[in-house]
Amino acid sequence: MTDEERLDRLNGMLKRRGFLLPSFEIHGGSKGLYDFGPVGGRIRSKVNQEWLHHWLKLGNVVEISCPTVTPYAVLEASGHVGEFSDFMTQCMACEEASRADTLLEPYHPNPDALKRDDLQNLLAQEEPVCPACGEASWSEVVAQNLMFNTTIGAGASGRPGFLRPETAQGMFTSFNALYRHFRERLPFGAMQVGKGYRNEISPRQGMIRLREFNMAELEYFIDPESAPNDDLTPWDTTPLWLVPDGKSPVKMTLSAACQQGVIRHSTVARFMGITHEFLEAVGIDTKRIRFRQHEGDEMAHYAMDCWDAEIEGSYGWIECVGIAHRGCYDLESHERATGKTLRARREFDEPRTTVIDAWTIDGSTAGPAFKANAGLVKIAVEALSKDTDFPATLTLENGEVVVVGPEHVKPNKKTVKETGEWFIPHVIEPAFGIDRIIWHVIDHAYAELEKNGETYTVMQFTPAVAPVDIAVFPLYEKDGMDATAAEIHRRLCARTGTFSMYDGSGSIGRRYARADEIGIPQCVTVDHQTLEDGTVTLRDRDTGKQLRVPIDRL
RNA sequence: GCGAGCGUAGUGUAGUGGUUAUCACCGGGCGUUGCCAACGCCUGAACCCGGGUUCGAGUCCCGGCGCUCGCACCA
């Protein structure tokens with residue numbers, strides 16, 4: 001039995017039982033789009049809940065929700081318009097598509113920075129050969145954007161926009177409201193769970209690369225100058241597999257990794273610990289988790305450190321989480337693009353007082369005397385020491401030389417007190433690919449056991465993500481057992497957070513098997529004894545053991 | 001995007017131009033059955049879409065869509 005055959009059987013089961021289905025299948029389907037069916041939908045929402053719960057435990061994070069439709073300017077400021085566009089060209093001989101900038105790398109120091117026309121001209125001039133067939137004839141260069149284009153508004157008043165490629169930008173553009181919410185105190189975080197969109201050239205491998213995907217991101221804002229005090233001791237007993245910057249995997253604790261500088265920021269380390277806990281809580285096999293550090297050239301240019309949580313499954317090691325220390329890049333970019341400030345204030349331990357005792361200009365005389373240069377003269381004069389004698393010959397910033405007489409100046413004596421300063425916070429971002437995580441939850445839960453000489457399928461979900469919490473069966477649908485079972489089922493469903501499933505068709509063994517196949521942790525069976533003493537059997541999925549319990553104790 | 005292979009009930013499949021499309025599991029109903037895919041009877045459900053060749057196409061050809069893999073792209 002090979003892994004591929006296991007994967008085929010798993011995929012068949014996922015379709016048959018309503019976990020995951022190709023979207024819009026009756027219309028022929030659409031690549032890179034998946035439905036979560038009646039069973040999968042419930043798993044998705046439980047994984048999302050579990051994710052929120054894990055990060056809310058930090059105590060200083062909030063959940064927000066921003067639109068998926070995003071104006072052009074936002075994603076231009078963030079760098080996505082530039083980064084998510086590739087300029088492609090096609091070989092006229094073999095039709096192989098290539099990136100124009102890649103082809104031109106030998107001929108230009110930084111072709112990535114060139115505009116379309118420049119690429120087109122350089123391509124015509126240098127005539128690089130096709131890596132596939134060796135010919136040197138290229139089609140027109142076209143921009144291939146990996147974001148979905150749209151127009152916000154109709155007609156001439158419509159303006160360009162995109163479906164967001166990540167949720168993060170909403171957290172950055174909302175920074176000031178968040179800052180106020182947290183009483184202007186760092187650190188704090190904002191997170192959201194939602195959809196992201198990338199118009200992938202070639203979606204592959206089932207749920208691994210999708211065009212519309214579920215993501216969950218936290219932006220955690222910190223003061224880069226205040227010493228982090230992250231407590232890493234909770235993970236001191238669980239060393240993790242780390243793959244530092246292109247080196248071999250090592251198993252070490254987060255504390256040790258921080259002390260040795262392998263992980264460059266303790267908050268990144270703490271988030272790796274929380275990520276590991278979360279993955280374990282949703283049922284990922286911890287032996288198949290590792291954290292891989294981005295190598296220097298792989299890391300986005302703004303990132304200061306980046307660790308991916310990779311999970312091993314049917315498709316090998318897949319990146320499912322990225323934990324990036326992004327510095328001040330994002331807030332700074334939005335500041336630059338909008339002219340608005342996105343800053344936090346840092347109070348000094350002691351107010352900083354500066355005593356100035358020197359010269360400044362006397363506006364009433366210097367103004368008329370120096371006219372347009374008066375401002376520059378002021379700067380030059382204020383830079384002079386107190387013992388300067390006037391008249392003095394000064395060279396201004398613009399290179400002009402002026403003579404400043406005693407009538408143009410007056411003593412400048414004042415005390416400037418500063419109690420703090422404004423700065424752009426740094427941000428640490430854990431970003432989760434929820435679909436990829438759900439895939440691995442399913443992959444790791446899928447067990448093919450043997451029972452009475454036949455393959456027996458069980459999804460060994462943890463209760464935290466099990467799509468159905470409990471199933472209720474009447475032993476037979478008669479003698480009132482069906483009515484009692486239906487009543488228990490309704491009562492369980494009415495309970496917040498509990499989802500029950502009633503199943504009365506087929507033999508009892510078949511119903512247990514059906515419940516096991518979608519990973520229901522417990523099954524309740526109503527039998528003849530129930531009608532006499534009000535007890536039912538409670539059967540455990542993984543042990544098969546049955547307990548007799550009163551209905552009220554469920 | 002390029003190349004190769006593939007597309008038949010819910011799932012897995014048989015079917016090399018000729019009746020009513022095979023088989024299994026599956027689903028539903030009724031009955032038997034005192035708890036782990038049981039049995040009997042009844043029953044449900046498919047040739048991806050469009051065009052072409054042909055007296056006749058699930059089968060051959062072309063195009064589209066989808067799936068898998070490789071290359072490329074991408075995180």
Side-chain angles (χ1 to χ4, degrees), chain A residues 4-5 7-18 21-33 37 83-84 86 88-91 93-99 102-103 130-133 139 142 144 146 165-166 196 198-206 208-211 213 215 292 294 298-300 306 308 310 315 317-322 324 431 433 436 449 451-458 473-479 481 504-517 523-531 536-541 543-546 548:
Chain A
E4 257 173 56
E5 288 166 343
L7 185 56
D8 287 343
R9 284 191 301 273
L10 172 55
N11 277 324
M13 191 279 284
L14 293 176
K15 242 180 123 172
R16 181 161 43 81
R17 297 305 308 271
L21 308 154
S23 296
F24 313 121
E25 207 182 9
I26 62 166
H27 287 276
S30 184
K31 230 175 180 179
L33 300 177
E83 270 188 39
F84 274 63
D86 289 331
M88 305 296 294
T89 182
Q90 243 189 354
C91 176
C94 73
E95 301 195 311
E96 176 82 5
S98 294
R99 279 174 57 166
T102 310
L103 291 171
C130 174
C133 72
S139 75
V142 292
Q144 174 109 37
L146 292 175
E166 59 173 33
R198 292 182 193 182
N199 204 354
E200 297 285 355
I201 294 171
S202 177
R204 281 288 168 83
Q205 297 177 306
I208 302 301
R209 205 190 310 165
L210 301 171
R211 290 199 165 120
F213 47 92
M215 61 195 318
R292 196 176 65 81
H294 279 210
E298 174 185 27
M299 198 147 53
C306 187
D308 286 343
E310 298 183 328
Y315 298 106
W317 286 97
I318 299 288
E319 170 208 340
C320 295
V321 183
R436 290 182 178 189
L449 310 176
K451 192 165 175 180
N452 305 325
E454 291 195 0
T455 305
Y456 190 86
T457 303
V458 185
F473 310 142
L475 190 55
Y476 300 108
E477 279 191 305
K478 61 180 186 187
D479 301 339
M481 287 184 273
S505 93
S507 72
I508 193 70
R510 173 175 299 270
R511 283 177 272 163
Y512 285 139
R514 280 200 283 240
D516 290 343
E517 199 177 36
C523 298
V524 166
T525 301
V526 171
D527 55 17
H528 293 91
Q529 192 180 333
T530 308
L531 304 177
V536 292
T537 63
L538 189 61
R539 178 258 195 190
D540 181 82
R541 178 191 68 206
T543 64
K545 296 235 170 66
Q546 290 187 18
R548 247 206 122 86

How would you label the contact of Gln546(A) with the nucleic acid (heavy atoms, under 4.0 Å): base, sugar-phosphate, or nothing?
base
Could you check Arg9(A) against Glu5(A) for side chain to side chain contact (heavy atoms under 4.5 Å, CB included), going step by step and ending with a plain yes or no?
CA-CA 6 Å; Arg9(A) 284 191 301 273; Glu5(A) 288 166 343; 3.8 Å; yes
Take the protein atom OH of Tyr456(A) and the nucleotide atom P of rC25(B), then report the distance between them rounded to whole Å.
18 Å
Checking the side chain of Arg510(A) only, and the main-chain atoms of Ser505(A) only, is there a donor and an acceptor separated by less than 3.5 Å?
no
Looking only at atom P, what distance separates rC25(B) and rC48(B), rounded to whole Å?
24 Å
Would one find a side-chain N or O of Ser507(A) under 4.0 angstrom from OP1 or OP2 of rA38(B)?
yes
Nearest-angstrom distance, C1' atom, rG58(B) to rU20(B):
15 Å
Minimum-distance nucleotide (side-chain atoms of His294(A) versus rU33(B), rC74(B), rA75(B)):
rA75(B)
Of all heavy-atom pairs between Ser30(A) and Phe24(A), which one has the smallest distance, and what is that distance?
CB-CD1, 4.5 Å
With nearest nucleotides of RNA chain B determined for Thr457(A) and Gln529(A) from heavy-atom distances, which residue corresponds to the more 5′ nucleotide?
Gln529(A)
Hey, does Arg514(A) reach any base, or is it just sugar-phosphate, or nothing, if we go heavy atoms under 4.0 Å?
sugar-phosphate
Categorize Tyr476(A) for me: base, sugar-phosphate, or nothing, with a 4.0 angstrom heavy-atom threshold over every strand shown.
base
With a 3.5 angstrom cut-off on both distances, give the Watson-Crick or G-U wobble partner of rC71(B), or none if there isn't one.
rG1(B)
Phosphate-side-chain proximity, Lys15(A) and rU11(B), N/O vs OP1/OP2 below 4.0 Å:
yes
Counting only side-chain nitrogens and oxygens, does Thr537(A) get under 4.0 Å of the OP1 or OP2 atom of rC35(B)?
no
Go through Arg514(A) and Cys523(A) one step at a time and tell me if the side chain to side chain contact (heavy atoms under 4.5 Å, CB included) criterion holds.
CA-CA 11 Å; Arg514(A) 280 200 283 240; Cys523(A) 298; over 6 Å; no
Rounded to whole angstroms, how far apart are CD on Glu5(A) and P on rU13(B)?
11 Å
Can you tell me how far P in rU68(B) sits from the matching atom in rU33(B), rounded to whole Å?
49 Å
Could you check which of rG34(B), rG66(B), rU33(B) has an atom nearest any side-chain atom of Lys31(A)?
rG66(B)
Grab the CE-P distance between Met13(A) and rG27(B) for me, whole Å please.
14 Å
Report the distance from atom CD1 of Ile208(A) to atom C1' of rC74(B), rounded to the nearest whole Å.
14 Å
Side chain to side chain contact (heavy atoms under 4.5 Å, CB included) between Arg541(A) and Val458(A), worked out
CA-CA 8 Å; Arg541(A) 178 191 68 206; Val458(A) 185; 3.8 Å; yes
Looking across every strand, which nucleic acid part, if any, lies under 4.0 Å from Glu319(A) by heavy atom: base, sugar-phosphate, or nothing?
base
Tell me the closest heavy-atom pair linking Phe213(A) and Pro165(A), and the distance in Å.
CZ-O, 3.8 Å
Looking at rU33(B), rC35(B), rA72(B), which one has an atom nearest to any side-chain atom of Arg204(A)?
rA72(B)
Once you apply a heavy-atom cut-off of 4.0 Å, does Gly196(A) come out as touching a base, just sugar-phosphate, or nothing?
nothing
Atom CZ of Arg511(A) and atom C1' of rG34(B): how far apart are they, to the nearest Å?
13 Å
Roughly how far, to the nearest 0.5 Å, is CG of Leu14(A) from CG of Leu21(A)?
9.0 Å
P atom, rU8(B) versus rG15(B): distance in rounded Å?
14 Å
Distance, rounded to the nearest Å, where Tyr315(A) contributes OH and rG70(B) contributes P:
11 Å
From rC35(B), rA37(B), rG34(B), pick the nucleotide closest to the side chain of His528(A)?
rG34(B)
How does protein contact run along nucleotides 44-51 of chain B, one letter per nucleotide 5' to 3', with B for base contact, S for sugar-phosphate only, - for none, heavy atoms under 4.0 Å?
--------
When all nucleic acid strands are considered with a 4.0 Å heavy-atom cut-off, which category describes Gly544(A): base, sugar-phosphate, or nothing?
base
With rounding to whole Å, what would you report as the distance between rC47(B) and rU16(B) at their C1' atoms?
16 Å
Using whole Å, report how far CZ of Arg9(A) lies from P of rG12(B).
12 Å
Consider the side chain of Arg16(A), meaning its heavy atoms from C-beta on, and name the nucleotide among rA37(B), rC35(B), rG10(B) that approaches it most closely.
rG10(B)
Under 4.0 Å from OP1 or OP2 of rG27(B): is there any side-chain N or O of Arg510(A) that close?
yes
Identify the residue among Asp540(A), Thr537(A), Leu538(A) that makes a side-chain contact (heavy atoms from CB on, under 4.5 Å) with Gln546(A).
Thr537(A)
Closer to the 5' end of RNA chain B via nearest nucleotide, is it Gly32(A) or Asp527(A)?
Asp527(A)
Looking only at the side chain of Arg539(A) (C-beta and beyond, no hydrogens), which of the listed nucleotides rG28(B), rC36(B), rU33(B) gets closest?
rC36(B)
Verify the contact: side-chain N or O of Asn452(A) to OP1 or OP2 of rA37(B), cut-off strictly under 4.0 Å; return yes or no.
yes
How far does the C1' atom of rU22(B) sit from the matching atom of rA38(B), given to the nearest Å?
26 Å
Using the rule given for side chain to side chain contact (heavy atoms under 4.5 Å, CB included), can you reason through Thr530(A) versus Arg548(A), listing the C-alpha separation, both sets of side-chain angles and the distance that settles it, and then say yes or no?
CA-CA 10 Å; Thr530(A) 308; Arg548(A) 247 206 122 86; 3.8 Å; yes
In whole Å, measure the gap between the C1' atoms of rC23(B) and rU13(B) for me.
8 Å
Using atom P of each nucleotide, how far apart are rG10(B) and rC49(B) to the nearest Å?
13 Å
With distance as the sole test, does Arg211(A) use its side chain to make a donor-acceptor pair with the main-chain N or O of Asn199(A) at under 3.5 Å?
no
Classify Asp8(A) by what it touches in the nucleic acid, base, sugar-phosphate, or nothing, heavy-atom distance under 4.0 Å.
nothing
Watson-Crick or G-U wobble partner for rC41(B), using a 3.5 Å limit on both distances?
rG29(B)
Rounded to whole Å, how long is the line connecting atom CZ of Arg17(A) with atom C1' of rG27(B)?
11 Å
